[in-house]
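One structure is given here, and the rest of the page talks about it.
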Number of protein chains: 2
Amino acid sequence: MDRHRTEKDDEASGQGRPTLKTLAFMTGLGVTTVSRALKDAPEIGAETRRRVQLVARQIGYRPNRAGVRLRTGKTNVISLVLNTEHEIMSFVSDIIYGVSEVIADTPYHLIVTPYSRSQDPLDPIRYLVETGSADGVIISRTQPNDPRARYMLERGIPFATHGRTDMGLIHPYHDFDNYAFATEAVRHLAGIGRRRLALLAPPVELTYHRHALNGFTDALSEVGASEIPFNTVSIDHSIEQIRMRTAQLMRRDVRPDGFVSSAAAATLAIVAGIEDAGLKLGRDVDVVSKQSSDLLHLFRRELLVVNEDFRLAGAELARSVLGWIGGAGPGSLQSLSVPTDVLAYRRPD
Amino acid sequence: MDRHRTEKDDEASGQGRPTLKTLAFMTGLGVTTVSRALKDAPEIGAETRRRVQLVARQIGYRPNRAGVRLRTGKTNVISLVLNTEHEIMSFVSDIIYGVSEVIADTPYHLIVTPYSRSQDPLDPIRYLVETGSADGVIISRTQPNDPRARYMLERGIPFATHGRTDMGLIHPYHDFDNYAFATEAVRHLAGIGRRRLALLAPPVELTYHRHALNGFTDALSEVGASEIPFNTVSIDHSIEQIRMRTAQLMRRDVRPDGFVSSAAAATLAIVAGIEDAGLKLGRDVDVVSKQSSDLLHLFRRELLVVNEDFRLAGAELARSVLGWIGGAGPGSLQSLSVPTDVLAYRRPD
DNA sequence: GTGACAATCTGTAACGTTTCAATGTATAGG
DNA sequence: CCTATACATTGAAACGTTACAGATTGTCAC
């Protein structure tokens, strides 16, 4: 009764997911032929090919990922590597959605590989590469001299970075033009009469700190305004810290009459700090801020905003990785997203 | 020269990732023994076991996922199924981080499976189940009669829902107690003298719409306040729509003097609408809002907030799915998160 | 009619793992 | 001394796929 079922070639094969064997049985062909027919190999007769593909579609055949992966080493996986503590909130979901959009009609799956502040950022990358868990990787918080990018270049695994590196090595990236953002912001502030400007920059270790800073200082000298140093905090600091430092700064004799802020959440803190010091936004001081969703104008109408589209970034990053996997040259997979103009509040219609 | 390499048993095996074969060769044992030794099977000698495990650790052996998956059907994957359009922003990242935290020291990977508004929400679930792509699934936007939960229960695939169902079927879930939130919110508003309250509820199709609504109305009659209907919009509507409707409502003769808002982003819109109508928060009207990160008080100090911890939700959901996969009873894997008190603004120290 | 050649199709092996059914080796009981 | 019994270890097969080397046709030139 409990003899183990031995029907060697399970001709019935009505049970479970269809496999190549199922298709082979149904079409009366060999497994190899079916496999090749499905991928349009040239040595398969045109009619056979059509027949196989028809049957496959009818019964809803889907290649078994484990089978493919074991045989070929191809995982059909893109890994998005994220820092669990730093990444700004809406950022993450938008990037994910952007990536999803692009890989939706490919066989790729998106896996999220997190790492915490305490860890070496290289750890998750090493894991992915050593275990061969992904065909391509997307990283953020890119540094000028980024060990992760270097490591993956050495190992020859396709990846794309959110933000640029500066190591003289070529790899795909997508970046927001933070230099342009900062210059435009400064010009705008100068245009409305602001003369003493402060920059809330990204943390120094990230590449775009320099971009923002260079844009800021270049534009300062262009318009003849002066900088009020504000580099004891970055957008990575807590809301409370930024708020406190801003308030301190605003209580000084020589205080800024304009801010450039590299992140929306930080802007909330800046404004709070300004108001803590008893000053008023739009009268005593103006703030230009990046934002990734259209919320800052609800917060304070006086804010000046520039939009950064993270969903687009996600999509571009995914396209880049897929492109590299597909054999395109890494140098041709780099893109820079141009900031919108500085936008003042507009009453909704 | 280009003869294909035939060294059948690659005794050298110094190349590439170590496999069971590598370990077998190094220890002089059979592949089977090694496999069993690594998983502490009882019929393996104690010393052999130690020896194998030592060597495995030394050379950094990691089981090949594709091999395991092909042989056993176990994917070691948890899938988080997300709606690409509706999910509120910070929501997603926090959930992901919560899940990550829990699966960090398990062999599980997290894959994100998105679906768009246009799609049948059942589509991604069907895909996952049919292709056997995950050992467990997490879904959100749970409905009272949820086809996805029903489907997965039928197929016997472990899952957990963010939010409860109401079909008389038992499955793991994590939920925020929105009934308690709404009652507390109403009580608080009543406590500061508010008498005509409006509720900005979740969309009707989601289970927690009822929870919030019931809590709201129950507490209304308890405190003897009255409801100003505000059900032409839900938190799923756009910022602009909520803002407009709020403004309309606030211009009526009989207008609310208190709001209960089920989402932070929506609250920004409500406040904007209130101010569009020329009224002042804290004087003409008070608003109690849920929030998932501590930003609303920066927005307007007069806001009253209740915190919902999505990271916790993610962690609980992950624990539930893993528990079910591990054989625990689905009924024992349900949890409800109790709201904080209603919090007024407190000046930072 | 024979050989050459192209056009199609097919069996075998392998990827790394686990399960099944043995195999071998001591130990103890008779 | 033989046999039962437990213990430790093992090879073979299978999961679904693809690469490789053949195998089977039919066609055509001579």
Side-chain angles (χ1 to χ4, degrees), chain A residues 2-10 13 15-25 27-52 56 59 61-76 107 130-133, chain B residues 2-10 13 15-25 27-52 56 59 61-76 107 130-133:
Chain A
D2 59 343
R3 285 217 46 193
H4 108 260
R5 304 189 94 228
T6 324
E7 39 178 289
K8 171 79 177 194
D9 296 62
D10 58 328
S13 56
Q15 305 292 50
R17 272 177 75 184
T19 71
L20 287 182
K21 201 148 94 187
T22 320
L23 283 180
F25 174 71
T27 56
L29 296 165
V31 172
T32 304
T33 313
V34 173
S35 171
R36 316 229 55 189
L38 286 177
K39 45 175 56 74
D40 287 319
E43 65 267 42
I44 301 296
E47 197 210 309
T48 308
R49 187 156 50 212
R50 272 200 312 277
R51 199 157 59 90
V52 171
I59 66 174
Y61 167 77
R62 314 264 204 151
N64 179 306
R65 310 190 118 235
V68 177
R69 179 163 169 179
L70 182 57
R71 176 65 234 244
T72 64
K74 183 139 210 292
T75 62
N76 284 312
E130 283 172 10
T131 62
S133 294
Chain B
D2 58 343
R3 286 219 43 192
H4 108 261
R5 304 187 95 228
T6 322
E7 40 178 288
K8 171 81 177 194
D9 295 62
D10 56 328
S13 56
Q15 305 292 51
R17 272 176 75 182
T19 71
L20 287 183
K21 200 148 95 186
T22 320
L23 283 180
F25 175 71
T27 56
L29 294 165
V31 171
T32 305
T33 313
V34 173
S35 171
R36 317 227 55 188
L38 286 176
K39 44 176 56 74
D40 286 318
E43 65 267 42
I44 301 295
E47 197 209 308
T48 308
R49 186 157 49 212
R50 272 200 312 278
R51 200 157 59 88
V52 171
I59 66 174
Y61 167 78
R62 312 262 205 155
N64 178 306
R65 310 190 118 236
V68 177
R69 179 162 170 180
L70 183 56
R71 176 65 234 239
T72 65
K74 183 140 209 295
T75 62
N76 284 312
E130 282 172 10
T131 62
S133 294

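Every chain is numbered from 1, with letters handed out A, B, ... down the list of sequences.
- Every residue was checked against the side-chain hydrogen bond (donor to acceptor under 3.5 Å, both in side chains) condition with B:T27, not counting sequence neighbours, and none meets it.
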Could you pull out every donor-acceptor pair under 3.5 Å between side chains of residues 31-47 of chain B and any protein atom, sequence neighbours left out?
unit_1, atom_1, unit_2, atom_2, d
B:R36, NH1, B:E43, OE2, 2.2
B:D40, OD1, B:Q53, NE2, 3.1

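- Contacts with DNA chain C (heavy atom under 4.0 Å) in residues 31-40 of chain A: A:T32, A:T33, listed by number.
- Taking CG of A:N64 as the reference point, atom CZ of B:R69 lies at 7.0 Å (rounded to 0.5 Å).
- With a 4.5 Å cut-off on side-chain heavy atoms, A:L29 and A:R51 count as touching.
- The structure places OG1 of B:T131 at 5.5 Å from CZ of A:R17, a figure rounded to the nearest 0.5 Å.
- Remark on the helix from C:dG1-D:dC30 to C:dG30-D:dC1: inter-end axis angle 70°, axes from five-pair C1' superpositions, rounded to 10°.
- Considering every non-hydrogen atom in both B:Y61 and B:L23, the closest pair reads CG-CD1, 3.8 Å.
- Among the heavy atoms of the strands lying under 4.0 Å from A:I44 are primed sugar atoms or P, OP1, OP2 only; no base atom is included.
- Within residues 63-76 of chain A, the residues having any heavy atom closer than 4.0 Å to DNA chain C are, in order of number, A:L70, A:R71.
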### Query
What is the per-nucleotide protein-contact pattern of nucleotides 22-28 of chain C, from the 5' end, where B denotes a base atom under 4.0 Å from a protein heavy atom, S denotes such proximity for sugar-phosphate atoms only, and - denotes neither?
-------

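- Residue A:T48 has no polar side-chain atom (N or O) positioned under 4.0 Å from OP1 or OP2 of C:dT8.
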